[in-house]
Amino acid sequence: EEAAYEERRYPAGKWACVTKGEPMYEQSVSMSFMKLMRYICKENSVGCYLGMTVPVLSEIHLTKEGTELEREVVTAYYLPGEFQQNPPVPTDPEVRITERAPLRVITRVFYGMTTEETILREIALFWELLGSTDTVLRETYIVAAYENPSIPQRRNEIWFICRA
């Protein structure tokens with residue numbers, strides 16, 4: 001039987017990020033991912049394919065009431081090892097390279113589409129499993145996608161970010 005959730009640590013590293021605030025979560029992620037794909041495929045200072053890494057992360061924030069997502073979503077792609085020291089410069093000014101600090105998360109797998117509705121449901125289910133705790137953030141979460149969005153039962157994770 002699969003564990004309900006697990007704790008993981010991720011090292012610091014450089015990520016290509018795009019921030020969008022479209023009316024729907026799916027639109028923000030889709031538009032951001034297309035920009036990231038163009039960067040990965042050729043629209044960069046070295047003019048070549050950089051290689052794909054997974055997961056692709058979407059950092060989300062809940063409204064103060066906790067009942068819906070804030071419009072602004074940061075979609076992020078981890079740069080492959082050979083580009084960590086000297087990342088190719090994006091030609092699109094909306095793609096920015098950021099250094100992310102080490103991260104400790106508690107993560108839970110879910111399958112299917114990632115919509116605002118499914119994400120809010122997964123967050124609520126995860127809180128039920130965890131119970132009351134102050135060890136994780138309550139307003140910022142990460143959705144990790146491991147497969148192409150066109151795969152109907154694709155593997156995703158919801159990450160709760162542990163406090164430092």
Say you draw a straight line from [atom1] of [X] to [atom2] of [Y]; how long is it, rounded to the nearest 0.5 Å?
X: Arg163; Y: Arg104; atom1: CZ; atom2: CZ; result: 11.5 Å
X: Tyr39; Y: Ser45; atom1: OH; atom2: OG; result: 7.0 Å
X: Thr133; Y: Trp127; atom1: OG1; atom2: CH2; result: 6.5 Å
X: Ile40; Y: Cys48; atom1: CD1; atom2: SG; result: 12.0 Å
X: Lys20; Y: Ser58; atom1: NZ; atom2: OG; result: 13.5 Å
X: Thr140; Y: Trp159; atom1: OG1; atom2: CH2; result: 14.0 Å

Under 4.5 Å between any side-chain heavy atoms of [X] and [Y], yes or no?
X: Pro88; Y: Leu50; result: yes
X: Val56; Y: Tyr146; result: no
X: Val105; Y: Tyr10; result: yes
X: Glu70; Y: Leu62; result: no
X: Ile161; Y: Val136; result: no
X: Thr53; Y: Tyr77; result: yes
X: Glu157; Y: Arg8; result: yes

- Decide yes or no on side-chain contact (heavy atoms from CB on, under 4.5 Å) for Leu103 and Arg9, but give the supporting numbers first. CA-CA 6 Å; Leu103 191 62; Arg9 291 175 190 274; over 6 Å; no
Test of understanding: clusters of I, L, V, M, F, W, Y form through side-chain heavy atoms closer than 4.5 Å, transitively. Do [X] and [Y] belong to the same one?
X: Val89; Y: Trp15; value: no
X: Val29; Y: Phe110; value: yes
X: Tyr25; Y: Met34; value: no
X: Leu137; Y: Val143; value: no
X: Met31; Y: Met24; value: no

- Task: Please name all residues satisfying side chain to side chain contact (heavy atoms under 4.5 Å, CB included) with Ala12, sequence neighbours left out, ordered by chain then number.
- Result: Glu99, Pro102
- Query: Taking the inter-plane angle between the rings of Phe160 and Phe126 on a 0 to 90° scale, is it parallel (under 30°), tilted (30 to 60°) or perpendicular (over 60°)?
  - Reply: tilted
- Run the numbers on Thr63 and Thr67 for side-chain contact (heavy atoms from CB on, under 4.5 Å), then give the verdict. CA-CA 7 Å; Thr63 56; Thr67 54; 4.1 Å; yes
- Taking atom types as modelled and ignoring hydrogens, do the side chains of Thr91 and Arg38 form a donor-acceptor contact shorter than 3.5 angstrom? no
Please check this pair: side chain of [X] against backbone of [Y], looking for a donor-acceptor N/O pair closer than 3.5 Å.
X: Thr98; Y: Arg100; result: no
X: Asn156; Y: Tyr111; result: no
X: Tyr141; Y: Arg138; result: yes
X: Glu147; Y: Arg155; result: yes

- Item | Criterion side-chain contact (heavy atoms from CB on, under 4.5 Å) on Thr75 and Leu36, from CA distance to verdict | CA-CA 9 Å; Thr75 303; Leu36 290 171; 3.8 Å; yes
Hey, can you pull the donor-acceptor pairs under 3.5 Å for the side chains in residues 78-85, sequence neighbours left out?
| residue | atom | partner | partner atom | Å |
| --- | --- | --- | --- | --- |
| Gln84 | OE1 | Lys14 | N | 2.7 |
| Gln84 | NE2 | Lys14 | O | 3.0 |
| Gln84 | NE2 | Leu79 | O | 2.8 |

- Task: Can you see which heavy atom on Thr19 is nearest to which on Arg96, and at what distance?
- Result: OG1-NH1, 3.2 Å
- Run the numbers on Val18 and Val74 for side-chain contact (heavy atoms from CB on, under 4.5 Å), then give the verdict. CA-CA 6 Å; Val18 176; Val74 178; over 6 Å; no
Please output the side-chain donor-acceptor pairs of residues 116-124 that fall under 3.5 Å, not counting sequence neighbours, one pair per line with the distance.
| residue | atom | partner | partner atom | Å |
| --- | --- | --- | --- | --- |
| Glu116 | OE1 | Arg71 | NH2 | 3.2 |
| Glu116 | OE2 | Leu69 | N | 2.9 |
| Thr118 | OG1 | Met113 | O | 3.1 |
| Thr118 | OG1 | Thr115 | N | 2.8 |
| Thr118 | OG1 | Thr115 | O | 3.0 |
| Thr118 | OG1 | Thr115 | OG1 | 3.3 |
| Glu122 | OE1 | Arg108 | NH1 | 3.2 |

